[in-house]
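Scroll down for the structure; my scribbles are underneath it.
The sequence lines fix the lettering, A, B, ..., with proteins before strands; numbering per chain opens at 1.
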Amino acid sequence: MDFIVKGTLEAVKALYNADLKESDINLQETRKEFEGEVTVVTFPLTKLSRKSPEQTGNEIGEYLVNNLNEVAGFNVIKGFLNISVTDSFLLNAFTNNISQEDFGKIPSAGRKVMVEYSSPNTNKPLHLGHIRNNLLGYSVSEILAANGYDVIKANLVNDRGIHICKSMLAWQKFGQGETPESSGLKGDKLVGNYYVIFDKEYKKQIDELKAQGQTEDEAKKNAPLIKEAQLMLQKWEAGDDEVISLWKTMNSWVYAGFEVTYNKLGVNFDKYYYESNTYLLGKDIIDEGLEKGVFFKKEDNSVWIDLTADGLDEKLVLRGDGTSVYITQDLGTAELKYKDFGVDESIYVVGNEQDYHFKVLFLILDKLGKSWAKGLYHLSYGMVDLPSGKMKSREGTVVDADDLIQEMIDTAKQRTEELGKVEGFSDEEKEKLYRMIGLGALKYFLLKVEPKKRLLFDPNESIDFQGHTGPFIQYTHARICSVLNKAGSKGAASPAIKSLTATERELILSLSKYIETLEIAAREHSPAQIANYVYELAKLYNKFYHEEPILKVEDLQVKDFRLALSSATASVIRKAMKLLGIEVPEKM
RNA sequence: GGACUUGUAGCUUAAUUGGAUAGAGCAUCUGACUACGGAUCAGAAGGUUAGGGGUUCGACUCCCUUCAAGUCCA
């Protein structure tokens, strides 16, 4: 609707002799209860016209009708100038653009972006919180790619540290040689079990020590198990053969397990980073910062940065004994990523508990004068909570990723069978369909909410398959496919069509908004924008479907046009859902 | 102690970034040519946008303050 903005600028120039920028024109969609498609808000223009909002609207409206072929008419309500565009304008847009196969394709911007997501610990299986992370990361990658970016999906695996030593130690002591093969357990589950066992045994020891008169803090430090775990970490850092070998073995179990979950979720990565390779990075950046006077040393030799001028605190970047803190290695890893790929932008998909951390990290890199620091972005998302509060793997109050996925598939199966809709499906096709619908429901459920909002998940309330859901949109797609199949044609936009029904107009307008939605989703790093858009589109199509006959309509040109409209809708649904990582079936 | 985020119908949520009577879905109630696929559609009911104050033509949106939930920093 660019031409409305340009026309309004001309009108303001001609009528009031004022020069405005495009951004000064406040354009919005016309509300359903009024006639028209686009609305110019004229309140701000009254300063130029020195007339009432109504008069200003009428004058501009007159100008537009007289000067723009595409404008059919207008009405003014208070400070709102509602403009109706002509049917032929909409039909042209549909024929020349929307109905084309490559509609929605944005040419390459020649920019490279890295999206780091998932980034799991190797001591426990993935849970619902990780699912949100993975879906967000994957979807944002798809959205950026659709916007013409060259995208690198990265996974920074936290494969070292005290937590994995705990699992290793517990396995050594209590595992009796259990392996994924011997137990039939998924590798990540097996390792996770030992992490829990460690915690139980550790707590026992703490209780014993407390019974002997030690305080809680003392007991936590003195328990033999924790000391052993710390010793193991030291051995790991020293490269002890036995420890390294066990570490490699157990991690390989975990990776095999993760791979299964990633496949089920349909996410993947172009590049894996491992903390065991990166945890020592960053120390040269500390030196660089000291030289540049960005950092300073305290008496105990620890290195700090003073961020009080930026409204933050003093922040430790290297300990007095020369060992790293989290931010040390993150500084190093950021630089490594840039060296590896020369990305223009780098996105970190990490929970909002690390908001402060990333604020500091990016600020430091900026102060160090890194040219690429302004391209860093923390895609912060809210935690997934249960009604009982936070999920804690050590206490077993987690919604396991594999279990949840399976439940969703089972529910999809049950629903579909109840509805008796899989006649003529082979067993393989059925399995594929159940998986598609179950995951569609799950993914849509998680992605339709703005990332930064916290998500409450009640395991006792099943995820819906009706209404504002993934299956609703999948159903709409299948329904369109069914119509097209029956017709045996994808239709064609006929130039002979003279007029459109109200719903046809709405549908074309909705389709035309796909590209700007794509751009907004990329700018805001928000799959929710796509999710809500495609729902609106599907809803509108169903309305159209009920109101207007397609196959039964006598006029063949109208029939052909409606088929083309259906086909274009299916196509946009398919493209939009793909951005969410959701597949759509042709029958369901 | 300091900082950040969130708070919208019973529940899950949207609002073009300051615009019209705050828009949907679930649940509840009422309807839909014996259907081009009823996982759908049409309608009813449901709101002091956590509370209070301010800014202006106009506030869910910006500012101040109180409350609630969550998180981070040493």
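- The cationic atom of A/Lys587 (NZ for Lys, CZ for Arg) lies less than 6.0 Å from the six-membered ring centre of A/Phe425 and within 45° of the ring axis.
- When heavy atoms are screened at a 4.0 angstrom cut-off, A/Met383 is found touching no nucleic acid atom at all.
- Look at B/U55: it lacks any Watson-Crick or wobble partner with both distances under 3.5 angstrom.
- Taking a pair to require two hydrogen-bonding distances under 3.5 Å in either a Watson-Crick or a G-U wobble arrangement, B/A44 pairs with B/U28.
- When distances are taken from the side chain of A/Ile550 to each of B/U13, B/C36, B/A39, the shortest belongs to B/C36.
- Listed pair A/Gln529 / B/A15 meets the phosphate criterion, a side-chain N or O lying under 4.0 Å from OP1 or OP2.
- Not one N or O on the side chain of A/Ser571 forms a donor-acceptor pair closer than 3.5 Å with the backbone of A/Ser567.
- Pairing for B/G23 is with B/U13, a Watson-Crick or G-U wobble pair whose two hydrogen-bonding atom distances lie under 3.5 Å.
- Applying the 4.0 Å criterion to OP1 and OP2 of B/U6, one finds that A/Arg454 has every side-chain N and O outside that range.
- Here B/U61 sits opposite no nucleotide as a Watson-Crick or G-U wobble pair (both hydrogen-bonding atom distances under 3.5 Å).
- Among the protein residues, A/Thr416 comes within range of the nucleic acid bases, having at least one heavy atom under 4.0 Å from a base atom.
- Relative to the six-membered ring of A/Tyr381, A/Arg132 misses at least one condition, a distance below 6.0 Å or an angle of at most 45° to the axis.
- A/Tyr535 comes within contact range of the sugar-phosphate backbone alone, with a heavy-atom separation under 4.0 Å but no base atom that close.
- A gap of 13 Å separates the P atoms of B/C60 and B/U48, to the nearest Å.
- Across all strands, A/Gln354 comes closer than 4.0 Å to no nucleic acid atom at all (heavy-atom distances).
- Under 3.5 Å, the side chains of A/Asn58 and A/Glu54 contain no donor-acceptor pair of N or O atoms.
- Residue A/Arg479 places its side chain closer to B/U40 than to any other of B/U40, B/A14, B/C36.
- Within the structure, every side-chain polar atom (N or O) of A/Lys448 is placed at least 4.0 Å from both OP1 and OP2 of B/A24.
- Checking the phosphate oxygens (OP1, OP2) of B/C36, a side-chain nitrogen or oxygen of A/Lys552 falls inside 4.0 Å.
- Among the nucleotides B/A74, B/A24, B/U13, the one closest to the side chain of A/Lys32 is B/A24.
- Contacts of A/Leu455 with the nucleic acid, taken as non-hydrogen atoms under 4.0 Å apart, involve only primed sugar atoms and P, OP1 or OP2.
- As judged by a 4.0 angstrom heavy-atom cut-off over every strand, A/Ala528 is placed among residues making no nucleic acid contact.
- Across all strands shown, B/U8 forms no Watson-Crick or G-U wobble pair with both distances under 3.5 Å.
- Nucleotide B/U17 holds its P atom 19 Å from the NE2 atom of A/His525, rounded to whole Å.
- In this entry the distance linking CD1 of A/Ile4 with P of B/U16 reads 21 Å, nearest Å.
- In this structure, A/Tyr356 forms no aromatic stack with the base of B/A3, since the conditions of centre separation below 5.5 Å and plane angle below 30° are not both met.
- Remark: B/A3 base-pairs with B/U71. Criterion, Watson-Crick or G-U wobble with two distances under 3.5 Å.
- Ring stacking is absent between A/Phe43 and B/G58, as the pair misses the limits of under 5.5 Å between centres and under 30 degrees between planes.
- Not one N or O on the side chain of A/Asn542 forms a donor-acceptor pair closer than 3.5 Å with the backbone of A/Lys539.
- Listed by first and then second residue, the side-chain hydrogen bond (donor to acceptor under 3.5 Å, both in side chains) pairs involving residues 453-462 of chain A are A/Asp385-A/Arg454 (not counting sequence neighbours).
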